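Bear in mind that the values here come from a model prediction, so they are computed numbers and not experimental data. Chain letters run A, B, ... following the sequence lines, proteins first and then strands; every chain starts at 1.
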Amino acid sequence: MARWQRTHTCGDLRTDHVGSEVVLNGWIENHRHHGAVLFVDLRDRYGVTQVVFEQERDGALFERGRRLGAEDVLSVRGVVNRREQPNPDRATGEIEVVVTELEVLAESEPPPFEVLDVPEASEELRMRYRYLDLRRRPVQEALVKRAAFVTAVRKHLASLGFVDIETPVLTRSTPEGARDYLVPSRVHPGSFYALPQSPQIFKQLCMVGGLDRYYQIARCFRDEDLRADRQPEFTQIDLEMSFVEENDVLDVVEQTMVAAFREAFGIELAQPFPRLDYFEAVSRYGNDKPDLRFGIELVDVGALAAKSGFQVFRNAVETGGAVKGLCVPGGGERFSRKDVEKDLGGLAGAYGAKGLAWAKVGADGALAGSIAKFFEGAAGHELCGVMGAKPGDLLLFVADELRIVHRALAELRLAVGDRLGLRTPGEFRFAWVLNFPMFERDDETGGWASSHHPFTAPVDWDLEDYSASPGTVRSRAYDIVMNGWELGSGSIRIHRREVQERVFRFLGIDAEEQQRKFGFLLDAFRYGAPPHGGIALGVDRLITLALGAPSIRDVIAFPKTATATDLMCQAPSGVSARQLEELHIGLSGKALRPDAEGGAGS
RNA sequence: GGGGGCGUAGCUCAAUUGGUUAGAGUACCGGACUGUCGAUCCGGUGGUUGCGGGUUCGAGCCCCGUCGCCCUCGCCA
């Protein structure tokens, strides 16, 4: 062992080490000068230890210590000393190391920002110097917990006989879905690889290949605009099983989540995860990813609305729309008229509702508010009865086409839950949503598109006639959700060539295109494809939720910005003319602007 | 692609209605100090107000354009 190498980490030392000689390596977190004594806090991944330079012990050494600065990397040799005034905020606070030898392993220029647990620098700056940001304890803790979680998942899946199989990152572009990231081929001019949006087809082919139980912690790429919960490249726990039905996949995932949450986070998940039918979820919560930490469910008041004197309500029902409401317990006091009309009303408007109807229930059961005059006396009592409202409650209603009613009320429900503190941090309510519709309208083309993906098996595939009422066909797709986030989705797949062809055909992919783009999958189904199904779970989102982090970026070592750039390495960037030439690529349009030359950073 | 917010010292922010030499805290440098733990005290260095243009006697502030970051709608089978 080299002379400068550590005998302990900066988190190791306790009072039972007092008197022993140790060597610590680490970064200078802080230093305090007191004339003839100098304190330096030495930090590594494991903790912080105070090391002390004393002038009267060694004047020359003390002088060297005085010249040290933040983020210098040191090796100090010294003797562990019991402190007279311990620091109870630190695990190592009972002791300190009195330095007898110092080696500066690397000096640091004054860093562009201070490495603090609670960051003061902007996220932009921290991302540009992410390697400094990574020194922060909360960032390290997040990454360590992420690693523990993934390790637990791997361990559990391996114990169940799942085989970790790598699938290609350079693959082919497929139609539908998200925009692909493309990689030009040098060898094949004008041809491109695509980075996988998911390993979907490959994992199905693993099943055809007899591998039975596949999993992969897989990187996926989607060239779409970002959000706080979306990155252009992200990680999925991807798995697939043969000879299974929905329950088999759900059970494996449920067990794996329970085990991994326990091992990585010390969180005991309630079991079993509730299972909701898709239509039930949408009807009760307004969307397919309900936050089950609180109630306040949607109530259909269409029947009362239809016979009310409120034109907006009647119109909505008469034109085939819906009127639904939320009863906010105790909301009468918690929400002022301004809160309701401006904040909640504005929110409803942002999600397409033309207005927000509301009423507060008075002590006598009478209503007050925007719709009070249409629900006086018995009508008001009847409305309260349907809504389950008590005096002091706040009632919110949206009247519109059903889709908008659900969307707006889903958001209102979450906003109200936030405001009332019902979305408890540290509470984790997983749930399954089952039986998604097989198809949904594509707003752009007006045609039908797969709600999940085109490899999803329909329920009762041979009994249904797609063309008659495509919107009513159920698929064998399922989502796993938690606290209002979609965390994963999967399905039992089509394993019969004729069914797959039929679905493709219905989606407007003709035989020629099928053969060209999915020929290898369809061919595979000629040679004995087992029934199979699987799921993919978003690791980044799981960790973000489990740690209560505000952004997915907080659990990714080197995340990208909202415009998909890497502020640290300045990706994407321009490339040399020679590289473009080799790839047979010419630039045009905006790409030719001089300012595009240096790429994202210029 | 649309909407909103932000951009001033290394960092975090302030700067009256458009008005004198753009301030504070922190970091950094120097000094004092033998027990601190985001030490304290004294002094100092530090500015293309993101960038370009315009209006004005005068612009950090107003207008136009542009770049970057964040949130969001669309988008994300």
Side-chain angles (χ1 to χ4, degrees), chain A residues 29-41 48-57 62 66-67 69-71 81 83-90 92-93 96 98 108-129 132 174-180 197-198 200-201 220-232 234 346-347 349-352 407 411 436 438-440 442-444 448-456 475 477 486 489 491 503 507 509 538 550-551 553 560-563 565 567 570 593 595-596 598 600-602:
Chain A
E29 172 144 302
N30 195 11
H31 49 112
R32 297 173 290 278
H33 295 231
H34 285 261
V37 63
L38 165 62
F39 301 103
V40 171
D41 292 333
V48 177
T49 299
Q50 171 166 295
V51 302
V52 189
F53 293 80
E54 293 172 338
Q55 191 170 42
E56 66 184 21
R57 175 183 291 270
F62 182 79
R66 276 170 59 88
R67 291 197 295 274
E71 304 306 326
N81 180 41
R83 289 209 219 172
E84 284 175 26
Q85 293 162 285
N87 180 349
D89 298 331
R90 255 183 218 161
T92 60
E96 64 191 0
V98 180
S108 173
E109 292 179 19
F113 60 89
E114 294 173 68
V115 178
L116 303 170
D117 287 0
V118 179
E120 288 175 359
S122 66
E123 186 178 20
E124 182 175 356
L125 192 75
R126 288 187 284 116
M127 287 304 163
R128 201 158 98 218
Y129 298 92
L132 292 179
T174 52
E176 299 192 80
R179 201 175 291 115
D180 285 320
Q197 296 179 25
S198 78
Q200 183 60 35
I201 295 178
C220 305
F221 307 86
R222 294 180 190 175
D223 186 4
E224 297 291 347
D225 288 340
L226 276 54
R227 288 290 187 281
D229 63 348
R230 284 190 340 221
Q231 283 272 304
F234 58 98
L347 187 66
Y351 288 91
R407 217 166 108 87
E411 295 300 328
F436 277 70
M438 182 83 179
F439 307 108
E440 58 193 17
D442 183 329
D443 288 335
E444 270 177 44
W448 292 94
S450 296
S451 349
H452 184 48
H453 57 54
F455 316 108
T456 302
S475 75
E486 182 199 318
S489 59
S491 61
V503 170
L507 293 171
I509 303 172
S551 164
R553 293 187 297 277
K560 291 187 174 55
T561 69
T563 49
T565 64
L567 293 176
Q570 300 276 286
R593 284 181 320 185
D595 64 292
S602 59

When rounded to the nearest 0.5 Å, the distance separating CZ of A:F234 from CD of A:Q197 is 8.5 Å
Student check: side-chain heavy atoms of A:P112 and A:L132 closer than 4.5 Å: yes
In whole Å, I'd like the distance from the NE2 atom of A:H33 to the C1' atom of B:rG43. 17 Å
So does A:E54 reach the base of B:rU34 with its side chain, donor to acceptor, closer than 3.5 Å? no
C1' atom, B:rA14 versus B:rU55: distance in rounded Å? 27 Å
For B:rC42 versus B:rA9, give the span between their P atoms, rounded off to a whole number of Å. 25 Å
Once you round to the nearest 0.5 Å, how far does CG of A:L567 lie from CG of A:L125? 10.0 Å
Need the pair for B:rG30. Rule: Watson-Crick or G-U wobble, both distances under 3.5 Å, any strand; none if unpaired. B:rC42
Considering every strand and a 4.0 Å limit on heavy-atom distances, what is the contact class for A:A449: base, sugar-phosphate, or nothing? nothing
Show your working on side chain to side chain contact (heavy atoms under 4.5 Å, CB included) between A:M438 and A:W448 and close with a plain yes or no. CA-CA 10 Å; A:M438 182 83 179; A:W448 292 94; over 6 Å; no
Nearest-nucleotide comparison on RNA chain B, the residue closer to the 5′ end among A:F113 and A:D89: A:F113
What interatomic distance, in whole Å, is found between C1' of B:rG47 and the corresponding atom of B:rA15? 14 Å
Could you tell me which nucleotide pairs with B:rA24 by Watson-Crick or G-U wobble geometry, both distances under 3.5 Å, or answer none if nothing does? B:rU12
Euclidean distance, atom CZ of residue A:R128 to atom P of B:rC11 [Å, nearest integer]: 7 Å
Any base atoms under 4.0 Å from A:S198, or only sugar-phosphate, or nothing? Heavy atoms, all strands. base
Let's go through A:D225 and A:R230 carefully: what are the C-alpha distance in whole Å and the side-chain angles of both, what is the deciding distance for salt bridge (Lys or Arg N to Asp or Glu O under 4.0 Å) to 0.1 Å, and is it a yes or a no? CA-CA 8 Å; A:D225 288 340; A:R230 284 190 340 221; over 6 Å; no
Short question: side chain of A:R90, backbone of A:V48 - any donor-acceptor pair under 3.5 Å? no
N or O in side chain of A:Q85 less than 4.0 angstrom from B:rU36 OP1/OP2: yes
Rounded to the nearest angstrom, tell me the gap between atom CD in A:E123 and atom P in B:rU12. 12 Å
Using side-chain heavy atoms (C-beta onward) and a distance below 4.5 Å, is A:F439 in contact with A:L507? yes
Would you call A:Q200 and A:T174 a side-chain contact if the rule is heavy atoms closer than 4.5 Å? no
Partner nucleotide, any strand, of B:rG74 [Watson-Crick/G-U, under 3.5 Å]: none
Classify the nucleic acid contact of A:E96 as base, sugar-phosphate or nothing, counting any heavy atom under 4.0 Å across all strands shown. base
Under a 4.5 Å cut-off applied to non-hydrogen side-chain atoms, are A:Q50 and A:R32 in contact? yes
With a 4.0 Å cutoff (strictly under), does any side-chain N or O of A:T563 reach OP1 or OP2 of B:rC69? yes
As its Watson-Crick or G-U partner within any shown strand, both distances under 3.5 Å, B:rG7 has B:rC67
Specify the residue among A:E84 and A:K560 whose closest nucleotide of RNA chain B lies further upstream toward the 5′ end. A:E84
Interatomic distance at C1', B:rG53 relative to B:rC13, whole Å: 29 Å
For B:rG46 and B:rG35, measure between their C1' atoms and round to the nearest Å. 33 Å
Mind checking who B:rC61 pairs with, Watson-Crick or G-U wobble, both distances under 3.5 Å? none
Could you give the CG-to-P distance, from A:D41 to B:rU36, as a whole number of Å? 14 Å
If I take atom CD from residue A:E29 and atom CG from residue A:D117, how far apart are they, to the nearest 0.5 angstrom? 6.5 Å
Which whole-number value in Å describes the distance from A:E440 CD to B:rC76 C1'? 12 Å
Reckon A:S122 has a side-chain N or O less than 4.0 Å from the OP1 or OP2 of B:rU12? yes
Just how far, in rounded Å, is C1' of B:rC37 from NE2 of A:H34? 8 Å
How would you label the contact of A:L567 with the nucleic acid (heavy atoms, under 4.0 Å): base, sugar-phosphate, or nothing? sugar-phosphate
Quick one, give me the B/S/- string for nucleotides 26-31 of chain B, reading 5' to 3', where B means a protein heavy atom under 4.0 Å from the base and S means that only happens at the primed atoms, P, OP1 or OP2. SSS--S
Contact class for A:P112 vs. all strands (heavy atom < 4.0 Å): base, sugar-phosphate, or nothing? sugar-phosphate
In whole Å, measure the gap between the P atoms of B:rG3 and B:rG74 for me. 15 Å
Regarding A:L507, tell me which of base, sugar-phosphate or nothing describes its non-hydrogen contacts under 4.0 Å with the strands shown. nothing
Can you check whether A:F39 stacks with the B:rU36 base, using ring centres under 5.5 Å and planes within 30°? yes
To the nearest Å, give me how far apart CD (A:E56) and P (B:rC33) are. 15 Å
Gap between atom CD1 of A:I201 and atom NE2 of A:H453 - 0.5 Å precision: 9.0 Å
By the 4.0 Å heavy-atom rule, please label A:Q55 as base, sugar-phosphate, or nothing. nothing
Looking only at atom C1', what distance separates B:rA24 and B:rC63, rounded to whole Å? 31 Å
Whole angstrom is fine here: how far is it from CG in A:L125 over to P in B:rG10? 11 Å
Which part of the nucleic acid, if any, lies within reach of A:T456 when heavy atoms closer than 4.0 Å are counted: base, sugar-phosphate only, or nothing? nothing
Integer angstrom distance from the C1' of B:rU8 to that of B:rA22: 8 Å
Would A:L226 and A:Q231 count as a side chain to side chain contact (heavy atoms under 4.5 Å, CB included) if you check the C-alpha gap in whole Å, the side-chain angles of each, and the deciding distance to 0.1 Å? CA-CA 6 Å; A:L226 276 54; A:Q231 283 272 304; 4.1 Å; yes
What is the nucleic acid contact for A:R126, judged by heavy atoms within less than 4.0 Å: base, sugar-phosphate only, or nothing? nothing
I want to verify a distance call: between B:rG35, B:rC37, B:rC69, whose nearest atom is closest to the A:V37 side chain? B:rG35
Is there, by distance only and without an angle test, a donor paired with an acceptor across the side chain of A:R83 and the base of B:rC37 below 3.5 Å? yes
Table of protein N/O atoms under 3.5 Å from nucleotides 72-74 of chain B N/O atoms:
| from | atom 1 | to | atom 2 | distance (Å) |
| --- | --- | --- | --- | --- |
| B:rU72 | OP2 | A:A228 | N | 3.2 |
| B:rC73 | OP1 | A:Y351 | OH | 3.2 |
| B:rC73 | OP2 | A:R227 | NE | 3.0 |
| B:rG74 | OP1 | A:R407 | NH1 | 3.1 |
| B:rG74 | OP1 | A:R407 | NH2 | 3.3 |
| B:rG74 | N7 | A:R227 | NH2 | 2.8 |
| B:rG74 | O6 | A:R227 | NH1 | 3.1 |
| B:rG74 | O6 | A:R227 | NH2 | 3.3 |
| B:rG74 | N1 | A:D225 | OD2 | 2.7 |
| B:rG74 | N2 | A:D225 | OD2 | 3.3 |

Taking the side chain of A:R222 as its heavy atoms from C-beta onward, which of B:rC76, B:rG35, B:rC71 lies nearest to it? B:rC76
How about A:V115 and A:E71: do any of their side-chain heavy atoms sit closer than 4.5 Å? yes
